[in-house]
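Step one of this worksheet: look at the structure below.
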Amino acid sequence: MNAIEVENLTKHFGKFCAVDHINFEVKSGEIFGFLGANGAGKSTTIRMLCGLLQSTTGTARVGGSDINTQPEKVKENIGYMSQKFSLYEDLTVDENINFYGKVYGLSDSTLGERKKWVLEMANLKGRERSITGTLSGGWKQRLALGCAVLHRPRIVFLDEPTSGVDPLMRRKFWELINELSADGVTVLVTTHFLEEAEYCNDIILINAGKIIAGGSPKELKEEHIKTPILEVQCSNVIEALALFEKQPWVVETSVFGISVHVTVSEERTARREIVRLLRERDIRLDHVERITPSLEDVFIYLLDQESKRAA
Ligand SMILES: Nc1ncnc2c1ncn2[C@@H]1O[C@H](COP(=O)(O)OP(=O)(O)OP(=O)(O)O)[C@@H](O)[C@H]1O
Ligand SMILES: [Mg+2]
């Protein structure tokens, strides 16, 4: 069964089309990644799916309810952590949880029980009286997640829940997302961290309001990256990059920190040529290795293809 079914969903703001006839399905209990550059249309889509924004055309069913004709029913089944901060900074941790409990109409006893759970999950026990604004980013995000799932929704929308959170806290945050999923909760999450997207069961990539790719991380890699990628580390990455870009056996290049990823048409020729070219220029070659493409490689490739198509 699908938790979310999206059909030709479209949103115009005046003449501008922010979301353009998108279609996708999210299976019950899965972690679904919604990726795309700034302004691609992710938050707008989420706001429509949460029943907060009417679509211009097209529709979706969330938890079996239609977002346009039954937005109130949709809201009963979902939790939503918005991209902009969803907590009251000047309230205490305890007061924020109480506030959300009231919004969701929880009885005092249920709220008490769920509050205990949230404080434990977010590791905020003992900080109930802290002013929310004084918590660091990572704790705030965990409290925000706790508040979004206080009423045990079956479907949760998380809009960039880990932006501004350090790597360790992000990992902890993803443990929480995995726990929710293990409990059968469907999670739709947006992120700009592509290593986080690797944890998703399925992913879609949206660009300028249109979906340009979808599938599991493994499928996306297999489908789009058929040519070998070599990782090259050397003493002058910038010069090497400029050199590689001119070669006929090079399909694509990109810099990843201190190394260059070179997509090549044929591995043996490429290896031989890399050694030769760098030696010619007196650039020290530290290592060259074939790598499994990352989602970052896939998305750079796909977005590059899109911009070439648009040009
Ligand atoms: N209420 C609005 N009125 C007019 N334009 C809007 C409105 N809301 C969003 N937009 C525009 O729609 C486009 C998509 O915005 P959206 O916030 O959905 O992108 P996003 O993918 O969430 O980006 P980000 O990664 O930066 O959060 C943007 O160009 C934005 O400026
Ligand atoms: Mg957004």
Side-chain angles (χ1 to χ4, degrees), residues 6 8-24 32-48 56-58 83 159-160 162-163 188-198 200 202-232 237-266 270 274 290-311:
V6 179
N8 284 320
L9 193 65
T10 301
K11 183 70 194 179
H12 290 270
F13 294 111
K15 282 193 177 143
F16 176 71
C17 186
V19 177
D20 194 357
H21 295 87
I22 62 171
N23 291 281
F24 63 90
F32 188 86
F34 192 23
L35 309 181
N38 291 131
K42 303 178 298 294
S43 297
T44 305
T45 302
I46 289 182
R47 280 160 55 215
M48 288 192 279
T56 308
T57 57
Q83 181 174 4
D159 198 354
E160 287 188 41
T162 55
S163 70
L188 185 147
V189 58
T190 73
T191 178
H192 288 293
F193 297 106
L194 287 171
E195 79 275 13
E196 290 185 348
E198 303 267 359
C200 296
D202 283 297
I203 293 169
I204 50 172
L205 178 62
I206 184 170
N207 182 54
K210 290 193 172 78
I211 292 176
I212 60 168
S216 68
K218 186 164 173 277
E219 283 164 357
L220 284 169
K221 289 172 196 172
E222 285 171 359
E223 186 176 333
H224 299 288
I225 308 273
K226 293 199 165 66
T227 43
I229 300 180
L230 298 177
E231 182 181 71
V232 180
V237 168
I238 303 300
E239 203 183 326
L241 183 75
L243 201 56
F244 296 154
E245 277 171 351
K246 291 189 221 127
Q247 306 305 319
W249 43 271
V250 170
V251 181
E252 204 164 60
T253 53
S254 49
V255 177
F256 277 69
I258 56 160
S259 54
V260 190
H261 287 194
V262 194
T263 308
V264 300
S265 46
E266 200 267 313
I274 287 169
R290 179 158 179 178
I291 53 165
T292 325
S294 65
L295 274 178
E296 193 155 333
D297 292 308
V298 177
F299 289 160
I300 287 173
Y301 169 79
L302 287 168
L303 293 175
D304 196 51
Q305 296 290 98
E306 278 303 306
S307 67
K308 278 181 190 151
R309 199 167 301 155

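In this chain, numbering begins with 1 at the start of the sequence shown. Since this is a predicted model, take the numbers as computed values, not measurements.
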Distance (rounded to the nearest 0.5 Å) between Asp297 CG and Lys221 NZ: 9.0 Å
Heavy-atom pair with the smallest gap, counting every atom of Pro217 and Glu198: CG-O, 4.0 Å
Nearest atoms (heavy-atom pairs only) where Thr10 meets Cys17: CG2-SG, 4.2 Å
Residue of the set Leu230, Val251, Ile229 for which side-chain contact (heavy atoms from CB on, under 4.5 Å) holds with Val264: Leu230
Any donor-acceptor pair under 3.5 Å from Thr253 side chain to Val262 backbone: no
Heavy-atom side-chain proximity of Asn38 to His192 below 4.5 angstrom: yes
Under 3.5 Å: donor-acceptor pair, side chain of Thr56, backbone of His12: yes
Atom pair CG (Leu194) and CG (Leu295), whose distance is rounded to the nearest 0.5 Å: 6.5 Å
Test log, rule side-chain contact (heavy atoms from CB on, under 4.5 Å), inputs Phe24 and Asp202: CA-CA 11 Å; Phe24 63 90; Asp202 283 297; over 6 Å; no
Side-chain touch Thr263/Tyr301, heavy atoms, less than 4.5 angstrom: no
Between CG on residue Leu303 and NZ on residue Lys308, distance to nearest 0.5 Å: 12.0 Å
For Val19 against Gly41, the heavy-atom pair lying closest together: CG2-O, 3.6 Å
Separation between CD1 of Ile204 and NZ of Lys42, rounded to the nearest 0.5 Å: 11.0 Å
Steps toward side-chain contact (heavy atoms from CB on, under 4.5 Å) verdict (Thr190, Ser43): CA-CA 8 Å; Thr190 73; Ser43 297; 6.0 Å; no
Residue pair Ala213 / Leu220: nearest heavy atoms and the distance that separates them: CB-CD2, 4.0 Å
Derivation and outcome, side-chain contact (heavy atoms from CB on, under 4.5 Å), residues Trp249 and Ile274: CA-CA 10 Å; Trp249 43 271; Ile274 287 169; 3.7 Å; yes
CD-CG distance between Glu306 and Asn207, expressed to the nearest 0.5 angstrom: 5.5 Å
Approximate separation, where rounding is to 0.5 Å, of Ser265 OG and Glu252 CD: 13.0 Å
Minimal non-hydrogen separation, Val237 against Ile258, with atom names: CG2-O, 3.1 Å
Worked verdict on Phe299 versus Ile203 for side-chain contact (heavy atoms from CB on, under 4.5 Å): CA-CA 11 Å; Phe299 289 160; Ile203 293 169; 3.9 Å; yes
Whether Phe256 and His261 hold their rings parallel, tilted or perpendicular, with breakpoints at 30° and 60°: parallel
